[in-house]
Amino acid sequence: MNENDSENELVEVSRATRIPKKGSKKEESKFFSFPNSPASNTMISVVSHAADLETFANRLENNSHSSKLDFFAPPEGMRDVSQRVKYTTDNTETTIHLDNIDLFSKANKPLKKILTYTLVKLSKENISENMEADISIKFPLQDFVDLGCYKTITTARQAFNQAKNPLTSIKIEGVVRDKKDMKQITDSGIEVLFTGAHIKKGIVEIYLNKRINWEVFALQYFSILPKSYFSLSDNAADTLLNIFMLARKRLNDIDRKEHFNIGFRTLQQILDLPDEGKTKNPSRDIKDAILNALNEVAQIENGDIVITPVFNPNGNIVEFLEEGYAEISLHNEYLEYFADLAHTKNTKISDAMKKRAEIAEKAQIKALANKIAESAKSKEK
């Protein structure tokens, strides 16, 4: 099974269980609660690869058996500027519209972390279904400095102002399959996610579109994201984010073996690294980039995540990508979190199987009773 597959591995977790059960205070935890719903994951993937969506689509087709990215022809006169793509997985169809690809490409580095932190803050909000008043997310600009994302308030402000326009230009529509139900992400047609954003007196405020079904879009399923994400280099941050997005789907592996694997082909896709046939130095541009990102994550997590790269050191770059992988072992708070989720998942599956067995047994008893009754009637005749 490919590591990009198995969206159906997701298990719903209530708002009350999103934060760690142990530890004295939420602020002292090593991680944030993070939305890990199919539609929000889709949006992160598309925005993260806005600079070269065509390559991303081709790699997605090769690396995943259950995900597909379809392109729509841009409007007349908007070719190479506007991009609209539909990302399809086993249980979601999400269309993302990026009005200005060049804008997203230029602001991609600050945008990814600011968008990620926006989703972190969103997971803490109680979004009501009846949103009469404008709703927004607020947090101090200082958060980006405290998290190690930027060194000063000035650089944090500059980064936010650079990311603000693309952030408020992300448009979305789609459906999410929840069991047999189809739930719409938007009330009608394609909608912008965030209707505005600004900084006032050191406080960031991002407005949420009231016509988005935020529960369906982002607040169905949750994972965790280490706070160290925000201080990492771009490649290492992308690697860490995807480790925890994937861990949410690998509960069985984590529960049984306390580790799971990520293939190097997938990491090539995640990190937007060049194709091995299109670079003069694949060892530096691909192999070293992957190993350095993994090493940086392992170092900053210092035993909480143990990463073991597995590959033939004498092999060529194709063998490295096709056969190599990283073994990801989770420990301490991280292992406890996902072990709890695995227990919840297995309990739900067990309960569902028992319920189906009871229903089947009752149906058999009823059928047998009907058969006996029919037999008795026949004898009376």
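Residues: numbered from 1 along the sequence shown.
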Report yes if some heavy atom in the side chain of [X] is under 4.5 Å from a heavy atom in the side chain of [Y]; otherwise report no.
X: Leu141; Y: Ile199; value: yes
X: Ser169; Y: Val192; value: no
X: Phe217; Y: Leu193; value: yes
X: Thr239; Y: Leu267; value: yes
X: Glu336; Y: Asn332; value: no
X: Leu335; Y: Ile254; value: yes
X: Glu301; Y: Ser228; value: yes
X: Gln268; Y: Glu276; value: yes

Please find the pair of heavy atoms, one from [X] and one from [Y], that lie closest to each other, and give the distance.
X: Ala298; Y: Ile307; result: N-CD1, 4.1 Å
X: Val297; Y: Ile243; result: CG1-CD1, 4.4 Å
X: Gln184; Y: Val175; result: NE2-CG1, 3.3 Å
X: Ser33; Y: Phe222; result: OG-CD2, 3.8 Å
X: Leu122; Y: Ala218; result: CD2-CB, 4.0 Å
X: Ser37; Y: Leu219; result: OG-N, 3.9 Å

Any luck finding a side-chain donor-acceptor pair between [X] and [Y] under 3.5 Å?
X: Glu191; Y: Asn209; answer: yes
X: Ser329; Y: Glu258; answer: no
X: Asn41; Y: Asn36; answer: yes
X: Thr116; Y: Tyr229; answer: yes
X: Glu205; Y: Tyr207; answer: yes

Task: Single-linkage hydrophobic cluster, 4.5 Å side-chain cutoff, Ile286 and Val310 together - done: no

TODO: Flag yes if Leu208 and Ile203 sit in one hydrophobic cluster, no otherwise; membership is Ile, Leu, Val, Met, Phe, Trp, Tyr, and two members link when side-chain heavy atoms are under 4.5 Å apart.
DONE: no

Open item on the list: More than 12 heavy atoms of other residues, nucleotides or ligands under 6.0 Å from CD of Gln142: yes or no?
Closed with: yes

Open item on the list: Could you check whether atom NZ of Lys257 has more than 12 heavy atoms from other residues, nucleotides or ligands sitting under 6.0 Å from it?
Closed with: yes

Separation of [Y] [atom2] from [X] [atom1] (nearest 0.5 Å):
X: Leu111; Y: Lys164; atom1: CG; atom2: NZ; result: 13.5 Å
X: Lys287; Y: Asn316; atom1: NZ; atom2: CG; result: 10.0 Å
X: Lys171; Y: Ile212; atom1: NZ; atom2: CD1; result: 11.5 Å
X: Glu215; Y: Gln220; atom1: CD; atom2: CD; result: 8.0 Å
X: Leu273; Y: Thr55; atom1: CG; atom2: OG1; result: 11.5 Å
X: Gln269; Y: Asn242; atom1: CD; atom2: CG; result: 8.5 Å

Open item on the list: Walk me through whether Val306 and His331 qualify under side-chain contact (heavy atoms from CB on, under 4.5 Å).
Closed with: CA-CA 8 Å; Val306 176; His331 300 273; 3.6 Å; yes

Whether [X] and [Y] hold their rings parallel, tilted or perpendicular, with breakpoints at 30° and 60°:
X: Phe338; Y: Phe244; result: tilted
X: Trp214; Y: Phe194; result: tilted
X: Phe31; Y: Tyr334; result: tilted

Using a 3.5 Å distance criterion without hydrogens, assess whether the side chain of [X] forms a donor-acceptor pair with backbone atoms of [Y].
X: Thr266; Y: Ile262; value: no
X: Thr155; Y: Tyr150; value: no
X: His198; Y: Ile206; value: no
X: Asn161; Y: Arg157; value: yes
X: Asp253; Y: His259; value: no
X: Glu296; Y: Ser233; value: yes
X: Lys113; Y: Ala237; value: no
X: Asp255; Y: Leu251; value: no

Indicate, with yes or no, if the rings of [X] and [Y] have centres closer together than 6.0 Å.
X: Tyr117; Y: Phe139; value: yes
X: Phe264; Y: Tyr325; value: no
X: Phe144; Y: Phe230; value: no

TODO: Given side-chain contact (heavy atoms from CB on, under 4.5 Å), test Thr118 with Val204 step by step and report yes or no.
DONE: CA-CA 10 Å; Thr118 299; Val204 174; over 6 Å; no

Task: Arg59 bridged to Asp275 by N-O distance under 4.0 Å - done: yes

Task: Lys227 and Phe32: CA distance, side-chain angles, deciding distance, side-chain contact (heavy atoms from CB on, under 4.5 Å) verdict - done: CA-CA 6 Å; Lys227 294 178 179 178; Phe32 291 117; 3.5 Å; yes

Open item on the list: Let's go through Phe260 and Asn252 carefully: what are the C-alpha distance in whole Å and the side-chain angles of both, what is the deciding distance for side-chain contact (heavy atoms from CB on, under 4.5 Å) to 0.1 Å, and is it a yes or a no?
Closed with: CA-CA 9 Å; Phe260 61 96; Asn252 287 338; over 6 Å; no

- [ ] Can you sort out the partners of Glu173 under salt bridge (Lys or Arg N to Asp or Glu O under 4.0 Å), two or more places apart, ordered by chain and number?
- [x] Arg84

Open item on the list: Quick check on salt bridge (charged side-chain N to carboxylate O under 4.0 Å, His left out): which of Asp272, Asp234, Asp238 does Lys112 satisfy it with?
Closed with: Asp238

